[in-house]
Amino acid sequence: MELDLSEYRVNDSDAGYFDVSARMELLSETNNAILLQQIDELKSQAPSCRQLLNYKPITTRGSIPGYYPNPEEWELTTEPLFLFEDSVSMLAGAFVASGDSYYAECLVSFLAHWADAKALTTFRYDPNDPQAWFASESMLFAAAMAYATVRPSIEGMDEEREEVESWLQGLAMQHSAIPGQPGESCCNNHFYRRALYASMIGVLTDNDDLFRFGVSAIYSALHDMTEEGALPHEISRGRRATHYQNYALLYLVTNMEVIARQGYDIFNLEVEGSTIHKAIDYFFTVLDDPVKLGDEVPLEQYRGFTRDPQYFTWLEIYLTRFELSQAESFAQRVRPLYNRSAGGYMTLYFMPPEGQDQPFMDDRRRRTEAFQGLNIQ
């Protein structure tokens with residue numbers, strides 16, 4: 001909050017988080033099997049716009065149980081939230097895959113439907129029960145990133161676009177005004193998640209204050225980082241320390257791409273000797289050797305997250321900018337990469353056609369190798 005970030009401002013409201021037109025041109029000519037498979041799946045599975053517009057917007061206040069204490073109840077409660085995220089991401093992906101304006105216009109109409117209903121504006125915040133507040137984060141950046149993908153190509157629909165952007169901006173300002181709990185959600189991965197929607201919606205609405213809020217999380221993370229590259233709020237999570245180091249990177253790296261698209265060399269930002277590259281190197285180090293986490297963290301680290309591609313979409317972004325053999329080796333075992341909220345079909349949007357032509361076909365071996373780590377010959 002004390003940082004002077006006045007040098008950061010929105011320079012291009014249509015920049016999004018990748019060059020959509022250039023990517024669509026590349027995809028129209030590709031022979032890459034992974035990319036072609038995703039294109040075919042999106043063309044065949046894209047939803048009906050009429051069906052989506054019948055989906056009732058979420059306008060009620062309600063609590064959501066915590067994931068770890070009640071995973072089954074949490075999954076049931078969050079199902080309609082995830083349906084929203086998958087729907088907007090799929091519409092954006094279908095537009096990129098097909099070039100059909102139907103999906104772009106459908107996305108705008110769908111979001112305008114939710115905006116008109118004032119959806120999500122009554123989310124429940126309770127510091128002792130913050131799950132509904134947490135869930136709103138991902139719905140916000142899912143909507144914003146999907147909308148950013150199609151907005152430059154939309155012709156007309158001025159009224160709907162204005163309504164969507166006003167709704168997103170209001171939600172972002174309302175949600176980010178809640179600082180979270182000291183030492184916890186104020187400053188950990190949930191801050192990085194709030195920053196992702198703030199940056200993206202700040203760009204879409206030409207709101208420098210929201211954009212700077214997003215930038216501030218990068219400075220905060222680098223400032224908090226240990227000399228080794230650990231993010232202390234994440235490494236404090238016991239058996240899930242490695243998982244949360246990666247979870248934070250998912251939002252930090254994706255946010256950095258949004259910021260970089262505005263013309264800032266954010267990936268090379270250094271704060272008191274810390275860079276995002278140190279945090280990434282540290283993640284792969286402790287994934288391979290939990291001993292490096294230190295004596296206060298259990299060696300029996302949870303590794304189930306390595307079998308879920310949604311946690312690694314940030315690799316596609318990073319690998320377009322930097323070479324890192326460990327990152328590339330891991331990405332090849334979990335592609336294609338999709339995250340319903342943090343960008344959608346990231347392999348489709350980012351992977352160079354020459355990067356990998358075939359998925360890792362032996363599913364049992366892929367899962368075993370990802371689970372065991374990266375010491376693979």
Side-chain angles (χ1 to χ4, degrees), residues 45-49 51-94 106-149 164 167-176 178 180 185 188-198 200-201 247 250-251 254-255 305 308-311 313 338-346:
Q45 297 175 10
S48 158
C49 198
Q51 181 179 354
L52 284 180
L53 291 175
N54 286 331
Y55 172 27
K56 187 177 180 181
I58 298 172
T59 58
T60 56
R61 296 168 62 91
S63 62
I64 297 175
Y67 173 76
Y68 295 118
N70 305 289
E72 292 183 1
E73 187 179 351
W74 174 87
E75 185 172 347
L76 182 64
T77 307
T78 56
E79 185 176 348
L81 284 62
F82 290 168
L83 176 60
F84 172 86
E85 295 170 8
D86 277 319
S87 296
V88 296
S89 295
M90 182 173 284
L91 285 171
C106 177
L107 176 58
V108 175
S109 297
F110 180 60
L111 292 176
H113 177 51
W114 279 58
D116 184 60
K118 297 181 173 54
L120 309 182
T121 57
T122 57
F123 64 82
R124 180 175 183 269
Y125 176 71
D126 180 342
N128 298 313
D129 183 18
Q131 290 299 318
W133 184 54
F134 292 165
S136 300
E137 298 165 351
S138 56
M139 295 184 77
L140 269 172
F141 52 73
M145 299 184 83
Y147 180 65
T149 303
V164 168
W167 174 64
L168 289 174
Q169 180 173 244
L171 280 173
M173 295 178 71
Q174 177 189 0
H175 193 281
S176 62
I178 300 170
S185 54
N188 66 0
N189 60 82
H190 285 289
F191 177 31
Y192 310 150
R193 283 162 57 89
R194 296 194 298 277
L196 176 56
Y197 74 62
M200 192 72 267
I201 295 173
Y247 192 62
L250 168 59
Y251 302 107
T254 307
N255 185 16
F305 75 99
D308 193 338
Q310 69 170 319
Y311 294 118
T313 49
Y338 167 77
N339 185 299
R340 68 169 62 92
S341 55
Y345 297 84
M346 299 298 266

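Residue numbers count from 1 along this sequence.
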M346 side, atom CE; Q310 side, atom CD - distance, nearest 0.5 Å: 13.0 Å
Heavy-atom side-chain proximity of V108 to Y147 below 4.5 angstrom: yes
Distance, nearest 0.5 Å, that separates OG of S185 from CZ of R194: 6.0 Å
Main-chain N/O of A132 paired to S136 side chain as donor or acceptor, under 3.5 Å: yes
Heavy-atom check, side chain of Y247 versus side chain of R193, under 4.5 Å: yes
pair T254-Y192: side-chain heavy atoms closer than 4.5 Å: no
Y197 to H175 - nearest heavy-atom pair and separation: OH-ND1, 2.7 Å
N339 versus S89, closest heavy-atom pair with distance: O-OG, 4.4 Å
Parallel, tilted or perpendicular: rings of F84 and W114 (30°, 60°): tilted
Side chains of M200 and L168 in contact at under 4.5 Å (non-hydrogen atoms): no
Centroid-centroid distance, F141 to Y251, less than 6.0 Å: yes
T149 side-chain N/O to M145 backbone N/O, donor-acceptor pair under 3.5 Å: yes
Check: I201 and L171 side chains under 4.5 Å, non-hydrogen atoms: no
Any W167 side-chain heavy atom under 4.5 Å of K118 side chain: no
M139 side, atom CE; L81 side, atom CG - distance, nearest 0.5 Å: 4.5 Å
Gap between atom OG of S87 and atom CD of Q51 - 0.5 Å precision: 8.5 Å
A117 versus T59, closest heavy-atom pair with distance: O-CG2, 3.4 Å
Spatial distance of atom CG (D86) from atom CG (L91) [nearest 0.5 Å]: 11.0 Å
Distance-minimising heavy-atom pair for N255 and A195: ND2-CB, 3.7 Å
Plane angle bin for Y55 and F110 - parallel if under 30°, tilted between 30 and 60°, otherwise perpendicular: parallel
Shortest non-hydrogen separation from A46 to M90 and the atoms involved: CA-SD, 3.9 Å
Heavy-atom closest contact (L196 atom, A342 atom, distance): CD2-CB, 4.4 Å
Straight-line distance of T122 OG1 to Q174 CD, nearest 0.5 Å: 8.5 Å
